[in-house]
Amino acid sequence: MKKLCFLSVAAMLALNFTACTSNDEDTSNVDTSAKTIYAGDSVAITGANTISSTNEFVAFPTSGKYVKAFHVGKTTVLVNKKHSIPITVKGRYNTYNDPITEWGCSRSYVEQRQTQGTKAANSTNETLFYENANRAILLAYNFENGKLASVATLVSTTHSSELAHYLTERYLMLPQKRDGDTYFAGGDALDPNQMKTFVIMKVQNYKYLYTFYTDASKYTSASSAKAIKSMLRALEAK
């Protein structure tokens with residue numbers, strides 16, 4: 001699949017996410033305590049003259065000595081080129097617990113760590129199904145040669161707004177259109193070359209929203225189609 005059209009958007013964001021002043025003089029009253037903020041919110045850094053972030057996908061500096069929370073995760077900001085401050089960004093939405101996305105891990109690794117939902121009886125060697133994982137009617141872990149290759153979820157369209165917020169708190173999601181089909185796609189980094197997880201969210205039919213996660217370096221449309229078919233077969237078996 002060709003690189004996503006959000007490349008240019010990501011580049012523009014990256015250019016705008018560096019905030020500093022011409023005065024780099026350190027001050028004695030820099031607040032170096034760890035900060036926890038919600039995605040979309042900002043926090044002031046007392047005593048800051050310049051601020052930089054080690055991961056601007058998670059949080060980035062803005063004018064006025066503020067740090068803006070962008071996506072769920074952790075980063076460190078460097079204040080006045082001297083003081084390191086840990087920043088944790090949390091999400092307000094929990095449509096379901098973040099699925100396990102350590103690509104290439106084993107089935108047993110997933111089973112030990114997937115605590116939300118009930119493991120379905122119709123799980124197979126290739127797919128682990130979990131029912132009623134919070135808002136997710138079904139959550140599926142798909143394996144290839146015994147290694148985790150993708151994850152898929154089905155959520156009722158009645159929770160479409162919540163799911164959209166949940167995903168955008170965690171991924172850079174942008175609208176895509178292909179062969180007349182409109183959907184949202186994104187990833188977990190500003191630079192696509194640094195993405196580990198690629199995500200697609202689309203309306204499967206008037207009842208369900210389908211979300212597909214996979215290794216960003218190995219995504220193919222065929223793997224997405226296969227996961228959709230597997231999910232629908234499992235849904236019919238309920």
Side-chain angles (χ1 to χ4, degrees), residues 1 4 71-72 91 93-173 176 178 181-188 195-238:
M1 178 181 177
L4 300 176
H71 294 101
V72 171
Y93 296 87
N94 185 30
T95 307
Y96 42 79
N97 288 351
D98 295 344
I100 297 160
T101 55
E102 281 85 354
W103 309 118
C105 70
S106 67
R107 179 190 175 101
S108 60
Y109 181 93
V110 173
E111 289 180 299
Q112 292 169 10
R113 290 161 176 77
Q114 176 60 38
T115 58
Q116 193 176 53
T118 303
K119 183 179 173 181
N122 59 339
S123 294
T124 67
N125 289 333
E126 291 186 347
T127 306
L128 273 174
F129 290 109
Y130 289 87
E131 300 176 341
N132 303 316
N134 198 357
R135 301 292 195 192
I137 301 167
L138 278 178
L139 186 154
Y141 290 95
N142 303 298
F143 299 86
E144 293 179 3
N145 299 319
K147 297 181 179 181
L148 182 63
S150 65
V151 183
T153 69
L154 280 179
V155 174
S156 169
T157 50
T158 59
H159 305 301
S160 58
S161 178
E162 178 186 343
L163 178 62
H165 285 298
Y166 167 79
L167 291 173
T168 54
E169 284 183 337
R170 290 156 175 81
Y171 301 95
L172 178 61
M173 303 291 291
Q176 308 288 316
R178 184 178 182 183
D181 188 19
T182 301
Y183 57 96
F184 286 83
D188 57 355
M195 284 193 334
K196 295 181 179 179
T197 299
F198 176 72
V199 182
I200 291 176
M201 190 273 283
K202 62 185 294 185
V203 177
Q204 181 58 36
N205 54 42
Y206 70 95
K207 287 185 178 181
Y208 304 113
L209 290 159
Y210 168 79
T211 305
F212 174 77
Y213 306 75
T214 194
D215 185 337
S217 66
K218 298 179 180 178
Y219 168 73
T220 66
S221 57
S223 63
S224 175
K226 181 179 178 180
I228 290 176
K229 291 178 181 178
S230 177
M231 290 287 282
L232 294 179
R233 284 196 300 268
L235 190 63
E236 291 171 356
K238 288 185 66 176

With rounding to the nearest 0.5 Å, note down the distance linking [atom1] in [X] to [atom2] in [Y].
| X | Y | atom1 | atom2 | result |
| --- | --- | --- | --- | --- |
| Thr95 | Glu162 | OG1 | CD | 4.0 Å |
| Leu167 | Leu172 | CG | CG | 12.0 Å |
| Glu144 | Asp215 | CD | CG | 10.5 Å |
| Tyr130 | Thr115 | OH | OG1 | 9.5 Å |
| Glu126 | Phe143 | CD | CZ | 11.0 Å |
| Asn97 | Arg113 | CG | CZ | 14.5 Å |

Of all the heavy-atom pairs spanning [X] and [Y], show the shortest one and how long it is.
| X | Y | result |
| --- | --- | --- |
| Phe198 | Gly186 | CD1-O, 3.4 Å |
| Phe129 | Asn122 | CD1-O, 3.8 Å |
| Leu148 | Thr101 | CD2-CA, 4.4 Å |
| Thr168 | His71 | O-CD2, 3.2 Å |
| Gly91 | Val72 | N-CG2, 3.5 Å |
| Val155 | Ala136 | CG2-CA, 4.0 Å |

>> Could you walk me through whether Leu163 and Arg135 satisfy the side-chain contact (heavy atoms from CB on, under 4.5 Å) test, starting with their C-alpha distance in whole Å, then the side-chain angles of each, then the deciding distance to 0.1 Å, before giving a yes or no?
In response: CA-CA 9 Å; Leu163 178 62; Arg135 301 292 195 192; over 6 Å; no
>> Between Phe212 and Tyr183, is there a side-chain heavy-atom distance shorter than 4.5 Å?
In response: no
> Does a side-chain heavy-atom distance below 4.5 Å link Thr211 with Val199?
Replying inline: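 The answer is yes, as the side chains (C-beta and beyond) meet within the 4.5 Å cut-off.
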>> Can you see whether Tyr141 engages Gln114 through a side-chain donor-acceptor pair at a distance of less than 3.5 angstrom?
In response: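 Yes - a donor-acceptor pair under 3.5 Å links their side chains.
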>> When you compare the side chains of Thr214 and Trp103, does any donor N or O come within less than 3.5 Å of an acceptor on the partner?
In response: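 Checked: Thr214/Trp103 side chains show no N/O donor-acceptor pair below 3.5 Å.
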>> Evaluate Tyr109 against Lys147 for side-chain contact (heavy atoms from CB on, under 4.5 Å), listing each step before the verdict.
In response: CA-CA 10 Å; Tyr109 181 93; Lys147 297 181 179 181; over 6 Å; no
>> Keeping Ser156 on the side-chain end and His159 on the backbone end, is there a donor-acceptor pair under 3.5 Å?
In response: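 Side chain of Ser156 to backbone of His159, a donor-acceptor pair under 3.5 Å: no, none is there.
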>> Check whether Thr153 reaches the backbone of Leu139 with its side chain - one donor and one acceptor, N or O, closer than 3.5 Å.
In response: no
>> Tell me every residue that passes ring pair (Phe, Tyr, Trp, His ring centres under 6.0 Å) with Tyr166, counting only those two or more places apart in sequence or in another chain.
In response: Tyr96
> Looking at Val203, Ile137, Leu138, Thr157, which one forms a side chain to side chain contact (heavy atoms under 4.5 Å, CB included) with Tyr208?
Replying inline: Ile137
